[in-house]
Amino acid sequence: MTEATLVARFAPSPTGALHLGNARTALFNFLLARRSGGHFILRIEDTDAERSSDAYLEALVEDLRWLGLDWQEGPDTGGHSAPYRQSERTGLYADFQERLLVTGAAYPCYCTPAELELSRRTQLAAGRPPRYAGTCRELTAAQRRDREAHGLVPTLRFRVQPGAEVVFDDIVHGPQRFATDDIGDFIVRRADGSAAFFFCNAVDDALMGVSHVLRGEDHLANTPRQLLVLKALGLTAPTYGHVSMIVGDDGAPLSKRHGAPSLSGLRERGYLALAVRNHLFRLGHAPAVQGTLAIDAMAEAFDIGRLGRSPARFDLVQLDSWQKEAVHGLTDDAFAQWARAALAAVPPAEQAAFIAAVRPNVVFPDDVAAWARVVFGDAPSLSEAGVAVVRDAGGAFFGAAAAAAAASGNDLAAITAAVREATGRKGPALYKPLRLALTGLDHGPELAPLLRAMPRAKARERLIRYAG
RNA sequence: GCUCCCUUCGUCUAGAGGCCCAGGACAUAGCCCUCUCAAGGCUGUAACACGGGUUCGAAUCCCGUAGGGAGCGCCA
């Protein structure tokens, strides 16, 4: 790995299912690394032992793999910056925390969560920003000893120097400028000894050689804190880019009620990774090329300069459109694999014909299952209107149809020719009764291919029902 | 409350002062194809949040207003 290699990362915390916003962030970072032949790191931010779990971690990895992402370094693959789970990096953090303490860049804070909560409330009530009041900022050694004698275990708090400015360039938002006066002293190590986000996230990026960080815009206003930590430690900061949030169709932050569940939820509903990827790729990102893109084409088309700055709405209709395109582009084998459960009722010999007939009319495996029932299930029962149409066609109509079906196999052209000969019917008057008798429905995939997939005995039986 | 970010068709967006009475995609309407529904092809409807500037000229620059979002945690 050379000095110039681009290193990107995705750093989720395993505290729940992977949501679309995070999935998009992961995709963008992956693409960024991929397009430049750089490295993509998966780092697990599991410093919150209470909320993190191995089950979530496994699900996370599975979801990312399903999406089509892979990483050169990660908890399962290893790498030269291992370990990649922050819960296993505590010792590393301790050294840097010690340095902050020694240089006075951080100090022990003995305030209890209850005290801090009270302070926040009163500040908010008084119309002031809820920032750390600085209670423990200037404690003397004697005062510290006294508190520790009372059994208080301190946190480590970063000392933010007032009256300064933090400036940085955000690759998507441009130059940013924050006053340190607006930033309260923040915790760098919790009382239980674990490292806090602002600290370990920034330190790990530096330690792992991360050069570019694309993350949610919710981190924009927090970036100065991380820059302060890095500067105090003499570590190099990555280039940050803050990507807009994804919101629901009402403009509110995305949640389950928007029909936008976890990635695994989408997968369970039968969405193809290709569709989800392409949708995510274009949410808040306007690539120059159009159409469904494979991973490599996507990496090539990914362009930070084309990342939007305003929040993007998640639109299920748009996703479904990608899904439709993806389903239509599936090879027969891939289609069969995708709709495996729905195809259980389809005789293997008819599978290829069935898929060919039904493909333009399906978007989800459920659709496949519905057509499988129509073609391979019990003879359909007709609606009243359907019965009227069939009855109007008459027994001779179906007698001729059944005879032609028996003679020709399921050749629709032969059947319609025979019926036309026998009854003089043509056009809708000819096709509609046939469709109804055969499928029970007045709409559906093209009849000829559909009939070709249908077992001959079944077709004959459905026609004979209405003959004579 | 304070700080920061954002605001072009219903949706995702193109647009970096004249190329824009604003382009594409999805959605939508119509037409073609057609036994139907799809698929496919073609055509159409539809937007610069508002108000002030700057300029010969503004979607594009500046200032306000309004609306939305985020941050201010011993969550990440």
Side-chain angles (χ1 to χ4, degrees), chain A residues 11-15 22 45-48 50-52 86 109 111-113 116-117 120 123-132 153-157 170 172-174 176-179 181-184 186-194 196-198 200-201 215-225 242 244-245 247 249-253 279 282-288 290-291 306 308-322 324-325 328 358-363 367 412 416 426-436 439 441-448:
Chain A
S13 57
T15 55
N22 278 153
E45 311 227 321
D46 56 351
T47 57
D48 184 349
E50 296 255 316
R51 300 201 303 145
S52 300
Q86 291 188 327
C109 170
C111 298
T112 66
L116 294 170
E117 179 54 29
R120 251 192 304 281
Q123 288 181 80
L124 239 16
R128 307 184 58 80
R131 280 198 284 273
Y132 180 61
V153 181
T155 61
L156 223 212
R157 209 175 262 279
D170 183 294
V172 356
H173 287 275
Q176 303 292 315
R177 180 176 292 266
F178 290 85
D181 289 347
D182 293 325
I183 303 171
F186 55 92
I187 286 178
V188 136
R189 183 181 61 211
R190 305 187 187 99
D192 68 3
S194 63
F197 171 77
F198 292 131
C200 52
N201 180 268
R215 59 190 348 187
E217 204 182 279
D218 48 344
H219 290 293
L220 182 56
N222 286 152
T223 304
R225 268 169 259 264
H242 291 89
S244 62
M245 308 265 82
V247 297
D249 51 15
D250 52 1
H279 187 233
R282 286 179 171 76
L283 256 186
H285 176 237
Q290 243 145 29
R306 289 182 167 270
R309 287 160 295 277
S310 46
R313 288 179 191 231
F314 174 74
D315 183 6
L316 203 58
V317 174
Q318 179 81 51
L319 206 212
D320 287 354
S321 170
W322 290 114
K324 186 177 73 189
E325 240 186 81
H328 291 175
V358 117
R359 186 200 294 266
N361 289 62
V362 302
V363 179
D367 304 327
L412 186 67
T416 53
K426 57 181 184 177
L430 172 61
Y431 283 90
K432 222 173 176 193
L434 284 173
R435 175 179 289 280
L436 247 2
T439 70
L441 299 167
D442 63 358
H443 66 270
E446 273 189 70
L447 199 47

Test item: A:N201 and A:R215 side chains (from C-beta on) under 4.5 Å apart, heavy atoms
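The answer is yes; the side chains approach within 4.5 Å.
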So do A:D182 and A:R131 actually touch side chain to side chain, heavy atoms under 4.5 Å?
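A side-chain contact exists here, since the closest heavy-atom pair is under 4.5 Å.
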Roughly how far apart, to the nearest Å, are [N] and [M] at atom [atom1]?
N     : M     : atom1 : result
B:G10 : B:U45 : P     : 14 Å
B:A22 : B:A14 : C1'   : 10 Å
B:U28 : B:G69 : P     : 28 Å
B:C50 : B:U55 : P     : 23 Å
B:C48 : B:C6  : C1'   : 15 Å
B:U43 : B:G23 : P     : 14 Å
B:C5  : B:G57 : P     : 30 Å

Provide the Watson-Crick or G-U wobble partner of [N], both distances under 3.5 Å; none if there is no partner.
N     : value
B:G51 : B:C63
B:G71 : B:C2
B:G40 : B:C32

For [N], does OP1 or OP2 lie under 4.0 Å from any side-chain N or O of [X]?
X      : N     : answer
A:Q176 : B:C4  : no
A:S194 : B:C74 : no
A:R177 : B:U3  : no

In this structure, is the centre-to-centre distance between the rings of A:H219 and A:F197 below 6.0 Å?
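Distance test on ring centres: under 6.0 Å, yes.
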Taking atom types as they are modelled, would you say the side chain of A:R435 forms a donor-acceptor pair with the base of B:C35 within the 3.5 Å cutoff?
yes
Collect all protein-nucleotide pairs involving nucleotides 10-12 of chain B in which both atoms are nitrogen or oxygen and the distance is under 3.5 Å.
{"residue": "B:C12", "atom": "OP1", "partner": "A:R313", "partner atom": "N", "Å": "3.0"}
{"residue": "B:C12", "atom": "O3'", "partner": "A:G284", "partner atom": "N", "Å": "3.3"}
{"residue": "B:C12", "atom": "O2'", "partner": "A:R282", "partner atom": "O", "Å": "2.6"}

Select one nucleotide: of [options], the one nearest the side-chain heavy atoms of [X].
X      : options             : answer
A:T155 : B:U13, B:C74, B:A25 : B:C74
A:E446 : B:C4, B:U36, B:A14  : B:U36
A:S321 : B:A39, B:C26, B:A76 : B:C26

Stepwise, does the side-chain contact (heavy atoms from CB on, under 4.5 Å) test hold for A:C111 with A:Y132?
CA-CA 10 Å; A:C111 298; A:Y132 180 61; 3.4 Å; yes
Please classify the nucleic acid contact of A:G184 as base, sugar-phosphate, or nothing, using heavy-atom distances under 4.0 Å.
nothing
